[in-house]
Amino acid sequence: MNAITTDVLVIGAGPSGCVAASYLHQRGFEVRVVEKSRFPRFVIGESLLPRCMDHFEEAGFMEALRNCGFEIKRGARFIKGAKVCEFDFSKKHTKGWDWTWQVPRADFDQVLANELQRKGIDILFEHEVTDVDFDDNGNSTTRVRDNEGHSLTITAQYIVDSSGYGRVLPRMLGLDKPSSLPEHASVFTHVEDKRRPEGREGTLITFDVIDTKTWLWVIPFSNGMTSIGYVGPVEFITSFPGTPGEKLSAMLKLSDYYYERFKDIDFCFEPVIIKNYSKSVKQLYGKGYVLTGNSAEFLDPVFSSGVTFATESALLAAKLISRQLDGEVVDWESEYSEYIRAGVDVFATYVKEWYTGNLQALFFHHRENKEVKKQICAVLAGYVWDKTNPFVTKHNRLIRTVAQYIKQEK
Ligand code: FAD
């Protein structure tokens, strides 16, 4: 069995793992990345938020990403019947990026991984972590198996678990905790968007609300493909008969706005169904390891927060590891866990209030309050740590209060 020693082992080469690895490498640490798949590989999570641009910039990816011609995302549109609510990221309460991208993740993640390799970081593709042991000081020995069954051990001072839905350490250490969100499912695919309208309409990311709990996403890419997907209660998705493709075709008939554009369209691949994807953990860190990205927490696709949390948590974790390996004392509870959980809590409220209908009442109200809209827009752009934003600090109460006010007005 071969053996390697490194300062930091990163599990997973998605956005979370790449951001953590790149930052640590910039700080002069030796980093190894192990990735179960061969890239490019498909993964869902295609609508980014402006906040993650801060992370890609700090981790040194912006130049490579800017050269790729990904579709620019300047906001998000929500439609419910004849009602439309559009958010423009240049009109938001919090200063910061006012655009981002909408991306086929296979291509996007490949750019990040290529960039890591160009910087000299070793990625072991088609290597799966099978087992991890920690000693009393937090030093770890990780067993990894390649696709031909060969084994390798990697000893590291620190592990960043960015294994996404693989959830390597949460499973091995028994850290999984049920999510507080309702159980949902999604069915999605890509299509060659032959009837895509010219101009802005053809580029807009849209959430078409079918009913309070069910919605369709439409995410056009710059390569002519468009991602379409339904999200709803598990019973909604399973109630349609047939294959995933037959289910999605039947569901598309429910969208007044998009049916003509997508009727009889060929799917680029058999639609994928994912159920019960909301995940949580009992703790986000331990001696010698930290969980980042989806390995730590995933809420719901509705506000596209997944990649942004993946990169926010990765960058912060990398900064704290860097300080710790330099000999500083790090308070992981307050500096990592409390900070990350504060942001997750804000988004969790928005997700819950979306499905109660309160947030939808606010979005689709006929009279628009510009200040409120700017504050909510900042949250939807991923700036969920801005204490000057009342829709961040009072997220628990404010949406409900405003929704109640709207309902009384009717
Ligand atoms: P990933 O991108 O999943 O990367 C993890 C990597 O770890 C993978 O490449 C995997 O192969 C590797 N790995 C796993 N196990 C092992 C192992 N044992 N050993 C080695 N490597 C391993 N987010 C958004 O931001 N916008 C969206 O529009 C959006 N839409 C979504 C729609 C749905 C239906 C769902 C379910 C999620 C959506 N998300 C969205 C969330 C998004 O998919 C994730 O938040 C994001 O991909 C997390 O990035 P990551 O780097 O943590 O994990």
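Just follow the structure's listing: the first ligand is 1, and inside any ligand the first atom is 1. Residue numbers run from 1 in the order of the sequence given.
Contact annotation for Glu46 and ligand 1: only backbone heavy atoms (N, CA, C, O) come within less than 4.0 Å of the ligand. Only the side chain of Arg41 comes within contact range of ligand 1, with a heavy atom under 4.0 Å; no backbone atom does. By the criterion of a heavy-atom distance under 4.0 Å, neither the backbone nor the side chain of Phe309 is placed next to ligand 1.
For the residue pair Ser16/Thr292, the side-chain donor-acceptor check at 3.5 Å is satisfied. In this model, a donor atom of one side chain and an acceptor atom of the other lie less than 3.5 Å apart for Gln110 and Asn114. In summary, the side chains of Glu35 and Ser37 do present a donor paired with an acceptor at a separation below 3.5 Å, with no hydrogens or angles considered.
Listed by number with element, the atoms of ligand 1 under 4.0 Å from a non-hydrogen atom of Gly166 are 14 (C), 15 (N). Annotation for ligand 1: atoms under 4.0 Å from non-hydrogen atoms of Gly293 are 52 (O). Proximity to Gly14 (heavy-atom distance under 4.0 Å) selects the following atoms of ligand 1: 2 (O), 4 (O), 51 (O). Within the listing of ligand 1, atoms 34 (C) sit less than 4.0 angstrom from a heavy atom of Ser186. In the vicinity of Gly12, heavy-atom distances shorter than 4.0 Å reach the ligand 1 atoms 6 (C), 7 (O), 12 (C). Near Pro301, meaning under 4.0 Å from one of its heavy atoms, ligand 1 places the atoms 30 (N), 31 (C), 32 (C), 33 (C), 34 (C). For ligand 1, the atoms lying closer than 4.0 Å to a non-hydrogen atom of Val307 are 23 (N), 24 (C), 25 (O), 45 (O). Taking a cut-off of under 4.0 Å to the non-hydrogen atoms of Tyr277, the atoms of ligand 1 that pass are 36 (C).
For atom 3 (O) of ligand 1, the nearest non-hydrogen atom from the set Ala310, Gly164, Gly229 belongs to Gly164. Heavy-atom proximity to atom 47 (O) of ligand 1, evaluated over Lys36, Glu35, Arg171, Arg105, is greatest for Arg105. Here atom 37 (C) of ligand 1 lies nearest to Tyr165 when heavy atoms of Trp217, Tyr230, Tyr165 are compared. Compare Gly45, Cys18, Ser162 by their heavy atoms: the one nearest to atom 5 (C) of ligand 1 is in Ser162. For atom 50 (P) of ligand 1, the nearest non-hydrogen atom from the set Ala13, Gly17, Ser16, Cys52 comes from Ser16.
Among protein heavy atoms, the minimum distance from atom 48 (C) of ligand 1 is reached at Asn294 OD1, 3.4 Å. Among all protein heavy atoms, the one lying closest to atom 26 (N) of ligand 1 is Ser47 O, 2.8 Å. Here the protein heavy atom with the shortest distance to atom 13 (N) of ligand 1 is Ser163 O, 3.8 Å. Protein heavy atom at the shortest distance from atom 43 (O) of ligand 1 is Ile44 O, 2.6 Å. Shortest contact from atom 38 (C) of ligand 1 to any protein heavy atom: Phe298 CZ, 3.7 Å. Counting protein heavy atoms only, atom 19 (N) of ligand 1 is closest to Val129 N, 3.0 Å.
Phe61 carries Lys119 over the face of its six-membered ring, with the cationic atom under 6.0 Å from the centre and within 45° of the normal. Under the 6.0 Å distance and 45° angle rule, Lys92 does not count as a cation-pi partner of Phe87.
The aromatic rings of Phe236 and Phe240 sit perpendicular, their planes meeting at an angle over 60°, well past the 30° parallel limit.
Considering both main-chain and side-chain atoms, Thr308 never comes within under 3.5 Å of ligand 1 through any nitrogen or oxygen pair.
Under the 4.0 Å criterion applied to side-chain N and carboxylate O atoms, Asp136 and Lys287 are not assigned as salt-bridge partners. Taking the charged nitrogens against the carboxylate oxygens, Arg200 and Glu86 do have a contact shorter than 4.0 Å, which makes a salt bridge. Using a 4.0 Å cut-off between a side-chain N of Lys or Arg and a carboxylate O of Asp or Glu, Arg341 and Glu297 qualify as a salt bridge. Ionic pairing of Arg77 and Glu201 is present here: one or more N-O contacts between side-chain nitrogen and carboxylate oxygen are shorter than 4.0 angstrom.
At least one heavy atom of Val34 sits closer than 4.0 Å to an atom of ligand 1. Ser295 does not count as a contact of ligand 1, since none of its heavy atoms falls under 4.0 Å from the ligand. Not close to ligand 1: Arg167, with no non-hydrogen atom less than 4.0 angstrom away.
Atom CG of residue Leu152 and atom NE2 of residue His127 lie 5.5 Å apart, to the nearest 0.5 angstrom.
For the ring-ring contact (aromatic ring centres under 6.0 Å, His included) test with Trp354, the passing option among Phe207, Phe78, Phe347 is Phe78; the others fail.
Listed by chain and number, the residues in a salt bridge (charged side-chain N to carboxylate O under 4.0 Å, His left out) with Asp386 amount to none (sequence neighbours excluded). Under the ring pair (Phe, Tyr, Trp, His ring centres under 6.0 Å) criterion, Tyr336 pairs with Trp332, not counting sequence neighbours.
Counting non-hydrogen atoms of neighbouring residues, nucleotides and ligands closer than 6.0 angstrom, the CZ atom of Arg196 exceeds 12 such neighbours.
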